[in-house]
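Bear in mind the structure is a predicted one, so any value in this text is a computation, not a measurement. Side-chain atoms are counted along with the backbone in the values below, which use heavy atoms only and exclude waters and symmetry mates.
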Amino acid sequence: MQGDLALRAGGDRLLVADTVAAVVESLVQAWRQVRMELLVPLLRGAVVACMVMSVIVLAEKVFLGVVSAVVKLLRRRPARLYRCDPVVVEDDDEAGRASFPMVLVQIPMYNEKEVYQLSIGAACRLTWPADRLIVQVLDDSTDAIVKELVRKECERWGKKGINVKYETRKDRAGYKAGNLREGMRRGYVQGCEFVAMFDADFQPPPDFLLKTVPFLVHNPRLALVQTRWEFVNANDCLLTRMQEMSMDYHFKVEQEAGSSLCNFFGYNGTAGVWRRQVIDESGGWEDRTTAEDMDLALRAGLLGWEFVYVGSIKVKSELPSTLKAYRSQQHRWSCGPALLFKKMFWEILAAKKVSFWKKLYMTYDFFIARRIISTFFTFFFFSVLLPMKVFFPEVQIPLWQLILIPTAIILLHSVGTPRLDQCCLPFFVCVSPATMIKRMVHLMNSMCFRSIHLIILWFLFENVMALHRLKATLIGFFEAGRANEWIVTQKLGNIQKLKSIVTVTKNCRFKDRFHCLELFIGGFLLTSACYDYLYRDDIFYIFLLSQSIIYFAIGFEFMGVSVSS
């Protein structure tokens, strides 16, 4: 009897084992079928799609780089293309000063305790007849102490003979766009011919108006003179160095190419001078997106007005020193243009005052290639497709797509790294080997490659930030909950003062201290790196491991200055 039970129990165990084995075998077969019939074809299709996108991104970089290089080689500086004779008067009397146009300087701010004195002081020191200049401080501060400090600063400069207008409003409707729009409604603004704008952390040099306004005075079709940003805190931390490299490329290549090609580019929202007539004709400031500056520039461009970028004029400003501030800024800069493109796409195509080529530049290069395809490709190819390839050896990526195109893009971007373009360009126009050697020696002595050693780190950093920008782009395009979220970029002022005050972040919520999406992608990359090291005969894990480290650095906020609330 017991033997029969034992035999029956053994048979049951064998039956269970056989059943489990059959289930496992069926699952394995199903996985193999799904893998070969679904996942592998999808990944191969993704490789082809990324192949097309990589060519688009590279072509856009090459195109802008060639235009920028030609402009430099042919010395097509704005001063040569446009008349910009300085405003000169013979007599320093009332009649002589009247030859200077009336200029309004707008400074919008919101709780800018650390930097308000810098911008107000710099604006009040501008070299321009005092009776032909109005400095308008648009204070949206909600902190009563800060509002009082700003008001007293304006009164202090007013006592020195500067025409300073301190303006407030009841609420922050429309954020920066609403603040500027409210400022333009003041009666005294109607007598101003030009409007210069500076954010609260910008410090224009005293001769700023003397160098920019003549472009608008002598060229009636010019609507905007945009100048270049210069960063006072670029060396504060690794985060600011990364930003400096990106911003320098933006100004030296993207803005200069747009200005030279079709007299159109995105207004940077500050450090520029507008013709007031154009602001009025374009419909004024709109708060329908978080890219109110680009919105105004696009509407003015569609009316046939021209812009000029003058890179030789530099305005000091501050880069976000904290990762939180930088992420908020990048969310705004990615979300706003996506929503703006959605709202104005058909308006661009229907515009009658601009040429077909300018419409093509606005839609394809300015929006689609630069802000949509480039962002999606950068994130998906380097952070999703490449680590997936480790688990699917059947999927092959051509060597030129895997190595050559990313390398070419990095090298093209390096043209915009700080001071590098100024040093490399002379080699194209040297006349003899001896001259080239002398310039190479000068290049090394002047340390022009100040940031070139960070180019690989910048590449990995941009891959991580592409995730954040892509998320913001999708939020803007689909008008999700945060599509119109406006968070003022935090300014820290003099970082040396902070070193003795704050060192760590405390009392932050979990979601503010840790970025789960970045940590998840970092973990995925780390897993694929380990798998590649253990089961693949290549060194691809080096890139995956390096990329995962940067993801973790962003996810745990190990980059940037850390401050307490």
Open item on the list: What I want to check is whether the side chains of Gln329 and Trp333 have a donor and an acceptor closer together than 3.5 Å.
Closed with: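 Checked: Gln329/Trp333 side chains show no N/O donor-acceptor pair below 3.5 Å.
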Under 3.5 Å, side chain of [X] to main-chain N/O of [Y], donor-acceptor pair present?
| X | Y | value |
| --- | --- | --- |
| Thr240 | Cys237 | yes |
| His468 | Gln330 | no |
| Arg185 | Val189 | no |
| Asp532 | Val390 | no |
| Gln136 | Gly183 | yes |

Residue set satisfying side-chain contact (heavy atoms from CB on, under 4.5 Å) with Lys152, at least two apart, ordered chain then number -> Glu148
How would you list, by chain and number, every residue that makes a ring pair (Phe, Tyr, Trp, His ring centres under 6.0 Å) with [X], sequence neighbours excluded?
| X | result |
| --- | --- |
| Phe345 | Phe341 |
| Trp128 | Phe100 |
| Tyr551 | none |

_Aromatic centroids of Phe382 and Phe459 separated by under 6.0 Å_ =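 For Phe459 and Phe382, the ring centres are under 6.0 Å apart.
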Contact between Ile107 and Leu138 at the side-chain level, heavy atoms closer than 4.5 Å - yes or no? no
Query raised in the report: Among all residues two or more places apart in sequence or in another chain, which pass the salt bridge (Lys or Arg N to Asp or Glu O under 4.0 Å) test with Asp139?
Result: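 Asp139: no salt bridge (Lys or Arg N to Asp or Glu O under 4.0 Å) contacts found.
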request  = Would you please name every residue forming a salt bridge (Lys or Arg N to Asp or Glu O under 4.0 Å) with Glu230, sequence neighbours left out?
outcome  =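 Listed in chain order: nothing, the list is empty.
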